[in-house]
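Okay, structure first, notes after.
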Amino acid sequence: MEKATTRSRERGANDEPGSRGAPLKRDALREAELLIRSRHSLLLAETNDEDRLVTLLGHVADRLGIPLFHWSRSRGLVRADEPSADAKGIYGSADPSNALQHIAHAEAGALYHFHGLPAGTVEGSLLASLFRDAAATLSHGTGAMVITGSGLELPPEVERVATSFSVPGPSREEIRALLGRIVRDLSARSHLEVDLSADDVEVLLNHLNGLTAMEAEKILTKAMIEDGVLDRSDIDIVLEAKRGIVEREGLLEYYPVEDTLVDIAGMETLKDWLRKRRSILTNPDEAREFGLSFPRGLLLLGIPGSGKSLAAKAVSSDWRLPLLKLDPSNLYNKFIGESERNFKRAMATADKMAPVVLWIDEIEKAFASGGSEDGGVSQRILGSFLGWMQERRGDVFIVATANDVSRLPPELLRKGRFDEIFFVDLPDADVRREIFRVHLEARDRDATAFDLPSLAAATEGFSGAEIEQVVVSALYAAFTDGETLDTALLLREVEATRPLSVTAPERIGALRTWARERAVPAG
Ligand code: ADP
């Protein structure tokens with residue numbers, strides 16, 4: 001499928017007044033207009049905000065000076081400017097084949113919006129040839145068909161000849177205006193007390209990013225009318241509602257930006273890499289002018305427990321971006337085709353929520369099973385993922401983690417996919433000392449009261465997770481026996497632990513050998 005991108009930019013976006021719904025950003029309008037003028041006559045619009053798309057199409061049709069038709073199952077093709085009560089629709093066009101034949105024979109150019117085209121009514125190859133004929137006619141003049149519908153599954157023959165474009169969601173300023181309007185409306189009708197600082201408003205707006213105007217309006221109105229107050233407690237209500245919407249599809253988990261920074265020992269090279277790119281996030285416009293673009297993502301390799309997940313969380317906390325976690329073990333689903341659709345939906349959600357960090361945990365599990373045994377589903381999902389990475393619609397930074405390089409598809413490792421591949425090795429003595437300090441302090445113990453050098457010396461070959469486990473087990477033991485936690489108790493737990501580097505040295509060896517040529521040490 002051909003692809004076109006419509007980037008949404010909050011700052012500097014020039015708003016076009018809309019007749020219905022929220023105003024649209026001019027660049028989305030330009031993008032659609034340009035596609036049609038350049039004879040892309042079959043467009044797949046990705047949106048879950050149909051109202052917004054309808055407004056956009058109305059503007060596009062006006063600018064191109066052509067009529068707009070909406071197709072529906074009940075009425076077929078109806079001209080948008082006909083009063084709805086007596087709009088009859090073109091005779092017989094409720095049948096998609098007839099509608100397409102009508103378009104193929106129409107003399108004048110027009111914009112046709114198909115919403116809710118039922119899957120499977122026309123056989124794939126026939127539908128594709130009808131679409132092709134209609135598209136060929138339209139490409140001689142000015143006009144296009146735009147197909148939408150959430151979860152729309154078009155036959156691959158049709159997808160192949162189509163161009164996809166996405167409709168950006170509302171900008172921050174639009175949501176700010178919406179918030180103002182809801183407050184005014186509710187205050188006019190009943191008593192509403194507003195107690196939010198300017199900073200609270202910004203946090204509220206952050207949580208609303210990625211939602212449609214309708215979703216944001218519902219959440220805000222509900223939060224306000226429940227107790228007649230808009231205050232800090234509503235921030236949590238909004239956050240929970242947002243989490244519900246993002247997690248509804250079952251593939252993504254949402255972690256908002258936390259106030260506290262993630263404390264991570266070692267990985268200095270990785271931290272430095274992240275620090276250097278932070279300014280792109282804080283000064284995006286300046287950075288872009290300077291010729292820098294939003295970073296793509298990282299692949300982190302290392303044995304289980306080496307702190308890769310912690311590093312993913314650290315990116316989010318350091319860059320002050322929310323984190324979306326995609327867990328591939330939820331991906332494969334017994335319904336054929338569902339997995340692929342769910343995956344595409346998850347990617348579209350990530351685009352909508354941008355700027356965001358997308359953490360794909362154990363990425364090898366998403367694509368590993370390969371060709372035959374799953375009917376090629378994992379291969380197709382990998383294809384979608386690579387395509388999505390290439391397009392980069394929104395500012396989505398990927399942090400992929402992997403324990404097992406032998407199961408990673410080589411396509412994923414090709415240059416340009418990720419900005420960098422980091423290998424997180426077992427911590428050296430200095431880092432082990434730091435890890436002890438982090439985990440003792442996290443449990444309100446004074447780290448200076450412990451012999452950290454001895455502990456570090458005794459834990460050669462331990463991973464960060466194993467060191468944390470030593471601290472936790474020693475705490476349990478101290479609590480049960482009524483003792484205080486001290487170095488001796490910790491050393492006893494160290495003695496009782498058999499780290500992975502002892503039980504499965506070959507796993508670490510294999511990773512190190514692989515990483516030597518292809519990855520950068522994280523610390
Ligand atoms: P992985 O994702 O590599 O399997 P995790 O990030 O889940 O490992 O590590 C498990 C836990 O071990 C973390 O939650 C953290 O508490 C601890 N840990 C691992 N590495 C470090 C580190 N470098 N600094 C601090 N804690 C660490």
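Counting convention: from 1, in listed order, for ligands and their atoms alike. Keep in mind the model is a prediction, meaning the values are calculated, not measured.
Looking at Val262, Ile264, Leu310, it is Leu310 that brings a heavy atom closest to atom 6 (O) of ligand 1. Proximity annotation for atom 12 (O) of ligand 1: of Gly523, Ala465, Ala312, Ala465 comes nearest, heavy atoms only.
In Ile303, the part holding a heavy atom less than 4.0 Å from any atom of ligand 1 is the backbone. Residue-level proximity to ligand 1 for Lys308 is carried by backbone and side chain together, each with a heavy atom below 4.0 angstrom.
Remark: Lys276 engages Asp272 in a salt bridge, criterion side-chain N to carboxylate O under 4.0 Å. Using a 4.0 Å cut-off between charged side-chain N and carboxylate O, Glu247 and Lys325 make no salt bridge.
Per-residue contacts place Pro304 under 4.0 angstrom from the following atoms of ligand 1 (heavy atoms of the residue considered): 4 (O). Counting atoms of ligand 1 from 1 in the listed order, those under 4.0 Å from a heavy atom of Ala265 are 22 (C), 23 (N), 24 (N), 25 (C). Residue His439 has at least one heavy-atom neighbour below 4.0 Å for each of these atoms of ligand 1: 15 (C), 16 (O), 17 (C), 25 (C), 26 (N), 27 (C). Under a 4.0 Å criterion applied to the non-hydrogen atoms of Gly307, ligand 1 contributes the atoms 1 (P), 3 (O), 5 (P), 6 (O), 8 (O), 9 (O), 19 (C), 20 (N).
Polar contact with ligand 1: absent for Asp263 (N/O pair, distance under 3.5 Å).
Distance CD1/Ile303 to CG/Leu426: 4.5 Å, rounded to 0.5 Å.
No heavy atom of Lys313 sits closer than 4.0 Å to any atom of ligand 1.
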Would Glu226 and Lys222 count as a salt bridge (charged side-chain N to carboxylate O under 4.0 Å, His left out) here? Give the steps. CA-CA 6 Å; Glu226 235 155 32; Lys222 183 160 177 284; 3.5 Å; yes

Using the rule given for ring-ring contact (aromatic ring centres under 6.0 Å, His included), can you reason through Phe385 versus Phe367, listing the C-alpha separation, both sets of side-chain angles and the distance that settles it, and then say yes or no? CA-CA 10 Å; Phe385 180 62; Phe367 310 122; 5.4 Å; yes

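For the residue pair Asp199/Ser197, the side-chain donor-acceptor check at 3.5 Å is not satisfied.
Nearest protein neighbour of atom 11 (C) of ligand 1, counting heavy atoms only, is Glu468 OE1, 3.4 Å.
Remark: aromatic rings of Trp319 and Phe397 are close, center separation under 6.0 Å.
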